[in-house]
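These values consider heavy atoms only, across backbone and side chains, with no hydrogens, waters or symmetry-generated copies.
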Amino acid sequence: MTDKTDYRATLNLPDTPFPMRGDLPKREPGWVKEWEDQGLYKRLREARCGRQKFILHDGPPYANGQIHMGHAVNKILKDMIVKSRQLKGLDAAYIPGWDCHGLPIENAIEKKYGRNLPRDEMQAKSRAFATEQIGIQMGDFKRLGVLGDWDHPYKTMDFTNESLEIRAFKRVMERGFVYRGLKPVYWCFDCGSSLAEFEIEYADKKSQTLDVGFKANDPAKVAAAFGAPAAGSDIFAVIWTTTAWTIPANQALNLNPEIVYALVDTPRGRLIVAESLVEKCLARYKLPGQVLATTPGKNLGGLEFQHPLYDADAGFRRLSPVYLADYATAEDGTGIVHSSPAYGLDDFNSCVAHGMRYDDILNPVQGNGAYAPDFALFGGENIWKAVPHIIDTLDKAGRLFATEAIVHSYPHCWRHKTPVIYRAAAQWFIRMDEGEGVFTKDKAPDTLRNMALKAIEDTSFFPENGKARLRDMIAGRPDWCISRQRSWGVPLPLFLHKDSGELHPKTPEILDVAADIVLAGGIEAWSKASTEEILAKVGAAADAPNYTKSQDILEVWFDSGTTHTTVLKGSHKGAAHENGPEADLYLEGHDQHRGWFHSSLLTACAMYGRAPYRGLLTHGFTVDSQGRKMSKSLGNGVDPQETSKKLGAEIIRLWVAASDYSGDIAGDDKILARVVDAYRRIRNTLRFLLANVSDFDPAKDAVPRAEMLEIDRYALARAAEFQAEVLAHYEVYEFHPVVAKLQVYCSEDLGAFYLDVLKDRLYTTAPKSLARRSAQTALWNITHAMLRWMAPFLSFTAEEAWKVFGHSPSIFLEEYAEIGGPDAALLAKWNRIRAVRDLANKEIEALRATGRVGSSLQANLVITAPPEDHALLASLGEDLKFIFIASAVKLQAGNELAVEAHPSTQAKCDRCWHWRSDVGVDPEHPAICGRCVSNLFGAGEPREHA
């Protein structure tokens, strides 16, 4: 060699086929295909066969339309949890599923083929449509790197699941919870069907308020109740309402027995309103007035008032009696509530409690939102459009005291975003409280509400505030209306007597027959089967002329709400715990406290007396950087398909993992750009690790822990400490702290410290020296651990790296690495050394800023240290300079810690770039230092600590 030798060629420079650029959009589809071709999911199940199970039950997305970013967030979160449990060594099955029945699909079919399709044709077209939609969505979910049993997903429209759902309904009936009743239920005119509480959301609606007078039928009797003179003007009980369309169906007035009411003399007659509201009411009516007398509401019960349109049309010539009810309040309005029992739950309950028969309840509003054609004055009119007509008619009749427009919160259909009403209809219900059910065989020991509330107490919530939310919903919810008047859904296979309306006495046997028919041919087979055919199967063919086959279906929330038994105990029996709750975890958006979590809880409690899950995890909605919910109308959404094509699905995964999902999850192009930067930093660290162990064979080259250099042992102790933190976060389904800490670990623990210190030893010592092999042993173990830490969220990258680094077919077949435990004393020692090093780096940077040195190796350090620090630093001996990446370090005792940095006056070694006095000590190699000569041609420099 000469002084012109290229000493770079003598260095152990890193090398790896793992590329610096991820090129994710191009490479990821290849991994998806490889996982599918190699049957990776099946291998995962085989690898964990017999291990403890972990069951995350998939809340089914609806089989309609392309997935959006909310779907992506949901599926990626589930995938990360399942993979983290799989790496823990658990048998973590994941059965993806789809909700297939229901109105949105019927709407799609009606838009394409028109309304009023025959039932069997609607069902056939709906099934084909759902199948097509599932295929599209499945491809998108796979593209996101989600591993699951895609060859055997569950679909609520599978014959097995449809059949088992009927059996689940039978079980709920046997436990005493099912009954048929006339009650006001939420009704959507666009759906043409009743809705459950789960299907309601609240939004602002503009309404016209009305103050309407009901004229006393016997004014003398009313005056006497107040202890006032009988003579005088007419008396009016004045009500206030925001639902003008309900006035024509009024049948009663409700007053609170404890509220004091006033009889007020005005130019328009004597008015009855709550005493505390007299001033506000008179101001609203623009009337002067004087209180003549007061009395508690309990003295007014039973009085009768004329319908406000009594004189306008003979169809309204009826009286409205006063009923006493606590729900009338004096908070606003007049303190008097008008009651149309068909259109309000409190009104209904009050009227029925006071003896009104079901047959006497007026229900003129039809399912399409119009009054019945023969209804007086307003027949055939849409109720919303009829409001001006109603107001005008009341005004002309002299019964309108005030009206004004307001904007208020009002229930809307979850699907159509249109206002709904309460409407009385004969429906099938699941009872929440005490009461009799039909065909009870094995009565539950407690009410459904009580069992559900207890089950909530036995459930873990992530985040914890979900518990109060679900508990409050269960505590206050009414009975669950489970019947729908549609075609595409699991039938309520019941037969009602044409005269009495009673169920056929062989209903339990009919339910079993229905389940068998559906199992063989789906719900279509049940629809096609005649009453005669079905009743003949239970030996009751002669009853056919007297019974009507129900056309109702079970609402779609009962479909998904019973998947804990139809799927986990039926179509996919291996994916459930044998005892106790079927699933460890249900995971959905926080809106599912009123949806799937809710319906699943009620059905499981009704069937088994407990929740179907051990834990509930909720995530927020996807929003833009301004906090607005992503939506097509705002044009502020981030499309998962386009993002995958542009940046890669891995970036979506990292974005989800890095977000605190307990709140809303913000995303836009700028946020994703920052995620890309974070990804690059992690990938670059991983590439350095892989490159520096490319010639390392652990079977031959690994150094026993006791013989490793001290800093290498520290690096492993720090990795073990970090792994404990990671696994603790994974245990409680936390990912964003892992991502944040992993970035810090890569940049500070590794990049800015350990790897920075290590480069000299890795590159300059002899390839097979103890010094280098010790470092590689640490790096090899850290790489093993890191690939597993990141695999749940950076799945594509971890798998790509594993192909370079590992030996098994997939990183997901592995378990978390065994890297020993944290060494508290070693960690404490080196944490202090790092703190001193940080101080030294500041001094070197200050010197570099003056231009007096280039790299830190050109600096010499003088460290003055108090006794404890002095002993700590002195223990590193000659290796101290490698820790500080300086060419020389002088250590001296003092009272306080201080560091000085000076430019070296020595020559620079062409090979290791240290500035040393022994450069050229070997005349045959004048450009390099003595340590490099030893490392190249001699025994190698001794290293003990770093």
Side-chain angles (χ1 to χ4, degrees), residues 14 678 680-693 708-726 740-765 771-772 774-783 785-786 789-790 819-820 822-846 848 855-857 859 861 863 865 869 872-873 875-887 889 891 897 899 901 912-914 943-946:
R680 285 176 181 150
R681 287 193 292 272
I682 295 172
R683 186 180 182 94
N684 288 341
T685 302
L686 183 57
R687 186 170 186 272
F688 181 92
L689 294 172
L690 293 170
N692 279 286
V693 293
M708 292 173 69
L709 272 64
E710 187 176 344
I711 194 173
D712 299 331
R713 288 187 280 113
Y714 160 73
L716 288 178
R718 175 67 189 114
E721 180 182 50
F722 184 74
Q723 175 160 289
E725 294 176 27
V726 168
K741 290 179 178 181
L742 181 61
Q743 291 183 74
V744 172
Y745 179 77
C746 287
S747 62
E748 296 184 14
D749 287 279
L750 296 181
F753 178 64
Y754 182 58
L755 302 184
D756 199 26
V757 171
L758 216 57
K759 287 175 185 175
D760 179 84
R761 181 156 41 110
L762 285 170
Y763 299 167
T764 68
T765 59
R772 185 164 182 267
S774 173
Q776 288 183 306
T777 300
L779 295 183
W780 186 85
N781 279 283
I782 290 170
T783 307
M786 183 171 165
W789 301 336
M790 59 189 276
I819 52 174
D823 182 327
L826 194 62
L827 287 167
K829 174 180 179 179
W830 281 88
N831 286 341
R832 181 56 186 164
I833 291 169
R834 288 177 64 175
V836 177
R837 183 177 183 271
D838 289 342
L839 180 62
N841 284 341
K842 290 179 182 178
E843 295 302 315
I844 293 172
E845 283 303 312
R848 195 201 307 268
S855 73
S856 65
L857 284 172
L861 299 176
I863 300 177
D869 285 336
L872 193 95
L873 297 172
S875 71
L876 301 176
E878 291 298 315
D879 286 0
L880 191 59
K881 60 180 178 294
F882 298 119
I883 303 297
F884 289 87
I885 312 182
S887 286
V889 177
L891 182 62
L897 181 66
V899 180
C912 69
W913 295 3
H914 282 244
R943 292 283 191 104
E944 184 180 352
H945 303 283

Write down the atom of [X], the atom of [Y], and the distance for their closest heavy-atom approach.
{"X": "C746", "Y": "M786", "result": "SG-CE, 3.4 Å"}
{"X": "V757", "Y": "F882", "result": "CG1-O, 3.6 Å"}
{"X": "A720", "Y": "P822", "result": "CB-N, 3.7 Å"}
{"X": "N781", "Y": "I819", "result": "O-CG2, 3.8 Å"}
{"X": "K881", "Y": "V889", "result": "CA-CG2, 3.6 Å"}

- [ ] Ignoring hydrogens and angles, state whether a donor on the side chain of Y714 or R834 is under 3.5 Å from an acceptor on the partner side chain.
- [x]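 Short answer, yes.
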
- [ ] Would you please say whether a donor-acceptor pair under 3.5 Å links the side chains of S875 and K829?
- [x]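 K829 and S875 do have a side-chain donor-acceptor pair below 3.5 Å.
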
Using modelled atom types and a 3.5 Å cut-off, is there a donor and acceptor pairing between side-chain atoms of [X] and backbone atoms of [Y]?
{"X": "R761", "Y": "A771", "answer": "yes"}
{"X": "T783", "Y": "L690", "answer": "no"}
{"X": "D879", "Y": "A946", "answer": "yes"}
{"X": "S887", "Y": "A859", "answer": "no"}
{"X": "Q776", "Y": "N692", "answer": "yes"}
{"X": "R772", "Y": "L762", "answer": "yes"}
{"X": "R837", "Y": "I883", "answer": "yes"}
{"X": "S856", "Y": "A886", "answer": "no"}
{"X": "N684", "Y": "R680", "answer": "yes"}

Side-chain heavy-atom pair [X], [Y] within 4.5 angstrom cut-off:
{"X": "R718", "Y": "Y754", "answer": "no"}
{"X": "I844", "Y": "V899", "answer": "no"}
{"X": "T777", "Y": "M708", "answer": "yes"}
{"X": "I863", "Y": "F884", "answer": "yes"}

Open item on the list: Run K842 and E845 through salt bridge (charged side-chain N to carboxylate O under 4.0 Å, His left out) and show every step you take.
Closed with: CA-CA 5 Å; K842 290 179 182 178; E845 283 303 312; over 6 Å; no

Task: Counterpart residues, ring-ring contact (aromatic ring centres under 6.0 Å, His included), relative to Y745 (two or more places apart) - done: F722, W789

Open item on the list: Just verifying a value: how many Å separate L861 CG and L891 CG, rounded to the nearest 0.5 Å?
Closed with: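 If we round to the nearest 0.5 Å, L861:CG and L891:CG are 11.0 Å apart.
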
